[in-house]
There are 2 protein chains.
Amino acid sequence: MAAVTNLEDSNSPDTVAAAPRAGKSAPTIYDIAEMAGVNPSTVSRALSKPGRVSAKTQKLIEDAAATLNYRVNVFARALPTGRTHTVGLIVSDITNPAYFDVIRGAEAAAAGEDYTLMLAESAESAAQELTTAQRMLATVDGIILASPRLADPEILALAKEKPVAVINRQVDGVHSIVADIDAGVGEAVRHLALMGHTSLAYVAGPEKSWMSARRWESLKARCAWSGLDAVQVAAGAPTVEGGRRTAAAVRASGATAVFCYNDLMAIGLMQELQLAGVVVPDKISILGFDNIFGSDFTTPPLSTIRSPLREAGAEALARILADLKGAGSDGAAEPLPTELVLRGSTGRVS
Amino acid sequence: MAAVTNLEDSNSPDTVAAAPRAGKSAPTIYDIAEMAGVNPSTVSRALSKPGRVSAKTQKLIEDAAATLNYRVNVFARALPTGRTHTVGLIVSDITNPAYFDVIRGAEAAAAGEDYTLMLAESAESAAQELTTAQRMLATVDGIILASPRLADPEILALAKEKPVAVINRQVDGVHSIVADIDAGVGEAVRHLALMGHTSLAYVAGPEKSWMSARRWESLKARCAWSGLDAVQVAAGAPTVEGGRRTAAAVRASGATAVFCYNDLMAIGLMQELQLAGVVVPDKISILGFDNIFGSDFTTPPLSTIRSPLREAGAEALARILADLKGAGSDGAAEPLPTELVLRGSTGRVS
DNA sequence: AGCCGTTTGTCAACCGGTTGCCAAAAGTTG
DNA sequence: CAACTTTTGGCAACCGGTTGACAAACGGCT
């Protein structure tokens, strides 16, 4: 488990000063109370309940707090309130660059609201995801699950404890942030059809991945509509290595264009195919999903369907904060847009 | 310790929109005390001070804790002790894949000791790194700084508060985990000399980067020893984009082989050079550092000097934990080994 | 049994905030 | 100016653990 802390605190990098008080311990609201000549509870209110005390006392207390360089003790605050100003984010695989943007987006949104992000990974394991989530439950105010491998009931159980938002998944009763993959897939299929492809294939990701199934359905539907063939030819771990392993099945399928569950797999597949002498895109076109870091390093650079991951992260965090603030959780927002990023791994059928 | 599969009441009040309901309060040591017929403080000791209570009572208490499915309230514990069982890790840029392994290594080491990792990023800014670190100080037991941009005195100041370990940097008086770059650089220079190169160049990273300076020194020393020319020709942000910007300077230098501060820069440089029609490695050989994810996606695949980042992360965490446990393990361990990874971006001089 | 040194468990005082309840102070109104 | 309403600040009781001091219980020994 790891956390991304934000840094709204504009405390001066005070070189020295440390503790104006003799003792080394940090100043408390009692110190402030004494200095301002009021009761500790008044200090507490001044600092956390805006408007509860008079402007005059407020100023008095804020000044005292400033000169003492006071910072709340988050543990002391969390003990009675249960609130930690922290939101957890669990990703299925931290080495998947696709999560960069999710993390960045959530982090930025958190920082803006004076919240801290706690990051953890589940190593593509549903069991680990569950234990991690339950461990987190004790120390965070809400949880974001990015591409969860958990089953719906488990997610709902978590949501009963604390606000939960899922990314790349649709779970009824839980904030679900999903990209409108139909848009990107539609664009891609149209493009491939134009290039003369008639037989498309899909390489699936993990079987527990809701998004993998969703992508396949979208592709299938679109192909049916366009009168193209579409088959799912393989599945595997959503990694470069996983993609490599599907090469044989893909070749055997005879398809001239193949969609992969994500860019990582697409890259692995392309590498393996090229190793076997298959020219991309002349012999076969390859498409990924996500547009991750490095997807343009390959030769040819990978064509892919871009998802607004950063926005997804920010949106997930915003939903949780809204829940926390008691604001009535609004309905499902409209899905985020996706778009086709055309590079060199797709081309005219030979 | 104990895995906690706690699904409790499965009575679903139908599809209520994410009620942040607190749930029935978690069991406390008071509940355990009552169940076991002892005093709460005895429970506390049984659970945290091994050997302080008799084996009989110990068992009694552990059983009660197990049946109640008890978990300590970390806030309640942290309040009087100040210990949070959390270690912070600050990386300079979370989108740099080089940190994947650092994070993974530290995370694994932490999990093994029942600690939690808190991750933060400083966005390559020394100021932000400092505020982030100071903010973290309040909630972690120790801090790991990966490739810090901070100045030594600032790092030492942090180390005075809580245990600190730095990765990719040498700071006297602070746990410093550095790779033995001389080994990898030596290998690389020997290889290039063999290939006929006589004029090498170095593209530096951020000026505040200790590691960048160190790499340059190592290269310079090695070249002097081998009778080769070596010049630092440019510097820039340690990113793909930063690497691109150095292309002109690199070309102008006339060097036939260039080391880049890291793989990201090497990739950017190579892309820009190729765009200008320079053939790699025929016209110019390129070497990176770190062996990051994606460095083998390029054409030609990047030759690089591999650092044991994962081990570094684990080692840093171990040092901090040792400090925390009071074991004054000061001794600077021997540096971690590096090695040359030869791929396609280096070759015989034309 | 009497004495003495260990264990082992209990009491109570924190750690540093939050918050319900109440009374004093301030502000309004007739 | 009295009666009444609204603010504002203080008191004290938590939140759930940890820990020093101390006494009761225990065990060994003469």
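Throughout, protein chains are lettered first and strands after them, A, B, ... in sequence-line order, and every chain is numbered starting at 1.
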### Query
Would B/Arg104 and A/Glu121 satisfy side-chain contact (heavy atoms from CB on, under 4.5 Å), going step by step from the backbone distance to the final call?
CA-CA 9 Å; B/Arg104 278 251 170 121; A/Glu121 100 169 307; 2.7 Å; yes
### Task
May I ask you to say what A/Tyr30 touches in the nucleic acid, namely base, sugar-phosphate or nothing, with a heavy-atom cut-off under 4.0 Å?
base
### Query
Looking only at heavy atoms, what is the nearest atom pair of A/Gln128 and A/Ala123, with distance?
OE1-CB, 4.1 Å
### Summary
Taken to the nearest whole Å, CD1/B/Ile29 to C1'/D/dT19 is 12 Å
### Query
In terms of side-chain geometry, is the basic nitrogen of B/Lys208 or B/Glu129 positioned less than 4.0 Å from the acidic oxygen of its partner?
no
### Message
I need the single residue from B/Val140, B/Thr86, B/Asp141 that forms a side-chain contact (heavy atoms from CB on, under 4.5 Å) with B/Tyr115. Which is it?
### Response
B/Asp141
### Query
Is any side-chain N of the basic residue among B/Asp323 and B/Lys162 closer than 4.0 Å to the acidic one's carboxylate O?
no
### 5' to 3' contact window, DNA chain C with chain B (heavy-atom distance under 4.0 Å)
C/dT8 to C/dG16
#### Entry: Lys/Arg N to Asp/Glu carboxylate O, A/Asp114 vs B/Arg135, below 4.0 Å
yes
### Summary
In short, side chain to side chain donor-acceptor pair (under 3.5 Å) pairs touching residues 45-54 of chain A with sequence neighbours left out are A/Ser54-A/Thr57
#### Entry: Partners passing ring-ring contact (aromatic ring centres under 6.0 Å, His included) against A/Tyr70 (at least two apart in sequence or in another chain)
none
### Task
For residues B/Ser92 and B/Ser147, report the shortest heavy-atom separation together with the two atoms involved.
CB-O, 4.0 Å
### Task
Evaluate the side-chain proximity of A/Asn73 to A/Thr28: yes if any heavy-atom separation is below 4.5 Å, no if none is.
no
### Query
Quick one: do A/Lys59 and A/Asp63 make a salt bridge, cutoff under 4.0 Å?
yes
### Neighbours of DNA chain C within residues 36-45 of chain A, by heavy-atom distance under 4.0 Å
A/Ser41, A/Ser44, A/Arg45
### Query
Taking all non-hydrogen atoms of both residues, which atom of B/Ala26 and which atom of B/Asp31 are closest, and how far apart?
O-OD2, 4.2 Å
### Task
Could you tell me, to 10°, how much the axis swings from one end of the helix from C/dA1-D/dT30 to C/dG30-D/dC1 to the other, five pairs per end?
40°
### Task
Go through residues 80-88 of chain B and report each residue with a non-hydrogen atom lying under 4.0 Å from DNA chain D, sorted by number.
B/Pro80, B/Thr81
### Query
Between B/Lys49 and D/dT18, is there a side-chain N or O to OP1/OP2 distance below 4.0 Å?
no
